[in-house]
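Down below is the structure, laid out as structure tokens.
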Amino acid sequence: MKQKTLYVCQQCGTTAVQWKGRCSSCGEWNSLVEEVIFEGPKSKQTSAKISEGEIVKLDDINPEDLQRLPTYDSELNRVLGDGIVPGSVVLIGGEPGIGKSTILLQLAIFQKNLKILYICGEESLSQVKLHATRLGGSNENCYMLSETTLEKITAAARELNPDILIVDSIQTVQSIGIDSTPGSVVQIRECTSALIQYAKKNNTCVFLIGHITKEGYIAGPKILEHMVDTVLYFEGDRHYNYRILRTMKNRFGSMSEIGIYEMGDRGLKPIENPSDILLTNRDENLSGIAIAATLEGIRPMLIEVQALASPSAYGTPQRSATGFDAKRMNMLLAVLEKRCGLKINMNDVFLNIAGGLRVEDPATDVAVAVSVASSMHNIPIPHDVCFAGEIGLSGEVRPVNQIEKRIKEAEKLGFKSFHLSTYNKKSITAKFTKIELIFSSTLDALLGKIMG
Ligand code: TYD
Ligand code: MG
């Protein structure tokens with residue numbers, strides 16, 4: 001074996017033979033780290049032969065039904081697309097302390113019909129046992145191993161042959177064949193690739209826990225997310241107990257699903273009806289609050305948008321948004337100013353999505369604009385009114401997808417009126433008797449209807 005020293009960018013994984021202050025590929029400063037790489041003898045073979053029958057017609061391929069094993073955890077099933085797929089590799093990233101170890105430890109304890117091997121690279125076995133006791137329950141099919149060496153992990157897995165292999169975390173694993181520190185780009189890449197090979201060969205589902213960098217990406221080479229089958233991010237606000245499991249990539253299911261949990265003193269509890277908890281039960285009517293009928297994946301959710309607009313004490317007004325894209329909020333404020341005549345430019349505006357949630361659904365636009373207008377005019381919006389619509393630059397209310405699902409959810413929760421775009425009319429075929437649909441084509445017209 002030949003030994004070679006290379007400089008590897010910790011950001012993008014590009015290699016260089018010489019150290020440089022700046023990566024020539026991604027432009028990151030001071031990201032090149034020296035790594036020693038062992039090279040085996042190169043194969044002399046320069047051409048390969050394809051044997052007969054290797055190339056097949058698409059029409060001739062018999063699809064094997066994708067086998068799925070539903071887990072006990074309904075939210076995890078949802079984000080994975082109806083359960084785990086044997087032979088697949090799932091990467092779960094998230095901030096420290098958010099609950100990555102907890103969610104997979106719970107799976108290991110409560111999934112009694114599957115054999116599970118949990119690799120503890122971060123905590124000692126007795127620490128993990130303590131957590132497990134706290135979560136309650138026990139599982140005689142659950143095996144633990146405190147190990148960080150890749151070769152030992154795969155050897156143990158081959159010996160035990162589990163249905164699920166959990167590695168906590170990929171950043172602690174190192175291969176003895178590679179002379180660089182655990183957590184380095186080369187180690188993460190090689191160990192992941194070896195674990196992927198193990199998963200495919202043994203038809204085992206492998207879960208990898210991944211740390212994230214301060215920018216919020218999973219630590220390691222960028223290609224890590226391309227290598228695995230599914231990437232999930234576990235997120236939430238430290239000050240709230242809600243945790244959201246979001247799909248960033250899924251070869252076996254939809255990408256826009258989310259799972260919602262509540263972290264309690266006995267672990268994570270799935271939340272099946274998020275609207276129930278996201279809507280605060282208000283007795284008084286307060287201004288600056290509007291309810292948005294949003295959709296995350298296929299699940300409708302009613303969420304509370306809160307805004308506060310108050311005259312600015314300084315020359316430059318402050319704008320801040322929590323749980324909503326700040327650029328999008330600025331765009332909506334400009335639309336309110338220019339198209340609806342709201343004199344907002346000398347006001348500080350604070351926006352907050354209740355419950356520590358982060359929303360991306362463009363249908364939230366109308367509720368955001370309405371909550372700001374409600375706070376500006378100090379006119380409360382009635383409890384039983386909700387909104388769904390995207391807002392365009394010219395102030396038009398644009399239609400949103402899956403409108404009937406949103407209306408049904410609002411009706412179920414006892415809302416009496418639902419504001420939506422005129423252009424959504426033709427996509428509604430169902431009859432709604434308990435909720436009134438109010439159509440508007442512009443934001444200005446919509447505001448006129450609710451605030452006079
Ligand atoms: P953990 O799963 O260790 O986080 P990660 O692996 O993402 O770093 O979660 C740790 C946090 O969760 C810690 O602050 C304690 C809290 N927790 C609970 O609130 N309830 C519980 O039942 C458990 C096990 C942890
Ligand atoms: Mg952990």
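When a ligand or atom number is given, it counts from 1 through the structure's own listing order. Please read all numbers here as calculations on a predicted model, not as lab measurements.
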Is it true that [X] and [Y] make a salt bridge, defined as a side-chain N closer than 4.0 Å to a carboxylate O?
X      : Y      : result
Arg251 : Asp229 : yes
Lys408 : Glu411 : no
Asp265 : Arg134 : no

Inset, instruction - Go through the steps for Gln187 and Ser175 under the test side chain to side chain donor-acceptor pair (under 3.5 Å), then give the verdict. - result: CA-CA 7 Å; Gln187 284 285 11; Ser175 164; 5.1 Å; no

Counting distance only, does the side-chain N/O of [X] pair as donor-acceptor with the main-chain N or O of [Y] below 3.5 Å?
X      : Y      : value
Asn352 : Gly323 : no
Lys416 : Asp384 : no
Glu147 : Lys152 : no

Inset, instruction - Please work out which of the three classes, parallel, tilted or perpendicular, describes the rings of His419 and Phe387, given edges at 30° and 60°. - result: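 Correct class here is parallel.
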
Legend entry - From Ile209 atom CD1 to Glu122 atom CD, the distance as rounded to the nearest 0.5 Å: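 It comes to 7.0 Å.
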
Inset, instruction - Using a strict cut-off of under 4.0 Å between a residue heavy atom and any atom of ligand 1, list the qualifying protein residues by chain and number. - result: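 Glu95, Pro96, Gly97, Ile98, Gly99, Lys100, Ser101, Thr102, Arg134, Leu135, Met263, Gly264, Asp265, Arg266, Gly267.
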
Inset, instruction - Have a look around the Mg ion (ligand 2) and list protein N/O/S atoms under 2.8 Å, or say none. - result: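 Short answer, with waters excluded from the count: Ser101 OG.
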
